[in-house]
Each structure stands twice: as C-alpha cells, then as structure tokens.
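Notes for the one structure printed next.
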Amino acid sequence: MTLLVCALPHRALAAGSRFWPVGDRPAVVRPWAPPATPYGPGHRGVDLAAPIGAPVRAVAAGRVVFAGDVAGRGVLSVELAGTGNPPLRTTYEPVTAMVEKGAQVAPGDPVGVLQLPTGHCPPASPSCLHWGLLRGATYLDPLSLLDPSQLHRDPARLLPVWGWPQPGLWRSADRWEDRAGESRL
C-alpha cells in the first residue's frame, strides 16, 4: 500500500467541491496524518465535528459502492465519477445510510445521518464524522476535494478605502481628471 499527500486528487474535481460532508464549515477535530508505513500509526482521513443525527452529504458526484456495517459501525463509500482509474472513493462513518448500493449521487445530496459515536472521536468532540478518501489502496487527504475557499475559517473582511475619487473623476496615468480634462492631484 502506498501513502501520499495529494494537493488536488484529480483534474475532474479541479474546481473543488462547495459542500462539506457535514455542516457549513465544521471544525476539523482530528486532521489527516498519513502513516509512514502501511500499518504504522496515523490517521487515514479527517474527523469533522458534527452532532449526532446530522445529515451527511455527498461532496462530489458519484455512485454508492458500499452502504452497510463494518465492525459494528455504519459505513458509506461513494466512487467519484470521472476521476480516473482506479477512481477516487470517499468514505463516511459512522453513518446510517439513506441511499443504497448502486445509487447515483450529486454534490450536496443527503446520503446518510451521523450515528452515535463509536469511540473514534477525540474527547474534545464527543461526536464526529470520519471522512476518508482513497484511490485504490492509497489514502489521500479528503480536504483536497474542497475548494480552497472552503478551508478558511475566517470570512473575508472589507476595509475602508481612503482617498477614493469623488463622483465625476477618473484616474488618468498618475493624476485624477474631471470630465473637462482638468487635472486634480
């Protein structure tokens, strides 16, 4: 198994997703931490803070390839459309699936609801969604699917602009001119 960091997993998703799998901008309570070896310690996905029962959404278009229980927790896996061979696959757990294997999903479609926690979440967040991304057996950072603007916690701030021209003036080379062509430095 090969583990690597990928800034953008595939050109088909170059625009990036506008949808987080839960909430609008959930806190990442445990980041992706690829292990150095195939069976070494690490975290093969990200944990996103969300309340139990929160809707879980598809982050990209694709086909559900698994919806069921694994080791006592609900798991959903979606193969992403147009992402090469082998295709990218997103995983969501623990979830109660609202879709069946073979279903086609679009970005933002509800695919499940967050189940009771299974002990995977850090103590600071008693419930969370584990979101994973794979290409074949290679784990990738699922945050790379999001549009970069979705990763910033703080909103853009507009600052005042001092010295903006008065109505009726426009800038010409290095000075302001009025409609009559008179210079106003």
Side-chain angles (χ1 to χ4, degrees), residues 5-10 12-34 42-84 86-122 124-136 138-155:
V5 176
C6 181
L8 185 62
H10 194 272
L13 298 172
S17 176
R18 296 285 180 187
F19 297 99
W20 285 86
V22 289
D24 291 327
R25 286 190 179 184
V28 176
V29 295
R30 190 168 174 205
W32 185 61
H43 192 230
R44 295 161 177 86
V46 296
D47 292 341
L48 305 174
I52 297 165
V56 177
R57 298 182 299 264
V59 296
R63 180 177 54 88
V64 176
V65 293
F66 182 83
D69 286 346
V70 174
R73 71 173 70 168
V75 176
L76 182 74
S77 184
V78 177
E79 189 174 273
L80 305 185
T83 58
L88 292 172
R89 213 169 54 247
T90 57
T91 58
Y92 311 92
E93 61 181 275
V95 298
T96 300
M98 296 170 44
V99 292
E100 296 180 358
K101 182 179 178 180
Q104 296 291 324
V105 296
D109 281 356
V111 293
V113 294
L114 191 60
Q115 291 178 343
L116 292 170
T118 58
H120 181 80
C121 303
S125 178
S127 66
C128 66
L129 174 75
H130 178 81
W131 177 33
L133 177 65
L134 296 102
R135 181 181 299 282
T138 303
Y139 288 90
L140 305 168
D141 182 357
L143 295 177
S144 65
L145 291 175
L146 295 173
D147 182 277
S149 68
Q150 295 293 95
L151 300 175
H152 303 291
R153 301 274 321 155
D154 297 326

So which atom in [X] and which in [Y] form the shortest heavy-atom distance, rounded to 0.1 Å?
X: S127; Y: P51; value: OG-CA, 3.6 Å
X: L80; Y: P87; value: O-CB, 4.0 Å
X: A58; Y: A106; value: CB-O, 3.6 Å

Starting at [atom1] of [X], measure out to [atom2] of [Y] and round the result to the nearest 0.5 Å.
X: F19; Y: D109; atom1: CZ; atom2: CG; value: 8.5 Å
X: T90; Y: E79; atom1: OG1; atom2: CD; value: 10.0 Å
X: W32; Y: H43; atom1: CH2; atom2: NE2; value: 11.5 Å
X: M98; Y: L76; atom1: CE; atom2: CG; value: 10.5 Å
X: L129; Y: E93; atom1: CG; atom2: CD; value: 8.5 Å
X: L143; Y: L48; atom1: CG; atom2: CG; value: 7.0 Å

Are any of the side-chain heavy atoms of [X] and [Y] separated by less than 4.5 Å?
X: V22; Y: Y92; answer: no
X: W131; Y: V59; answer: yes
X: V95; Y: V75; answer: no
X: P94; Y: L114; answer: yes
X: V78; Y: V99; answer: no

Whether [X] side chain and [Y] backbone form a donor-acceptor pair below 3.5 Å:
X: R135; Y: T83; value: yes
X: S77; Y: T91; value: no
X: R57; Y: G23; value: yes

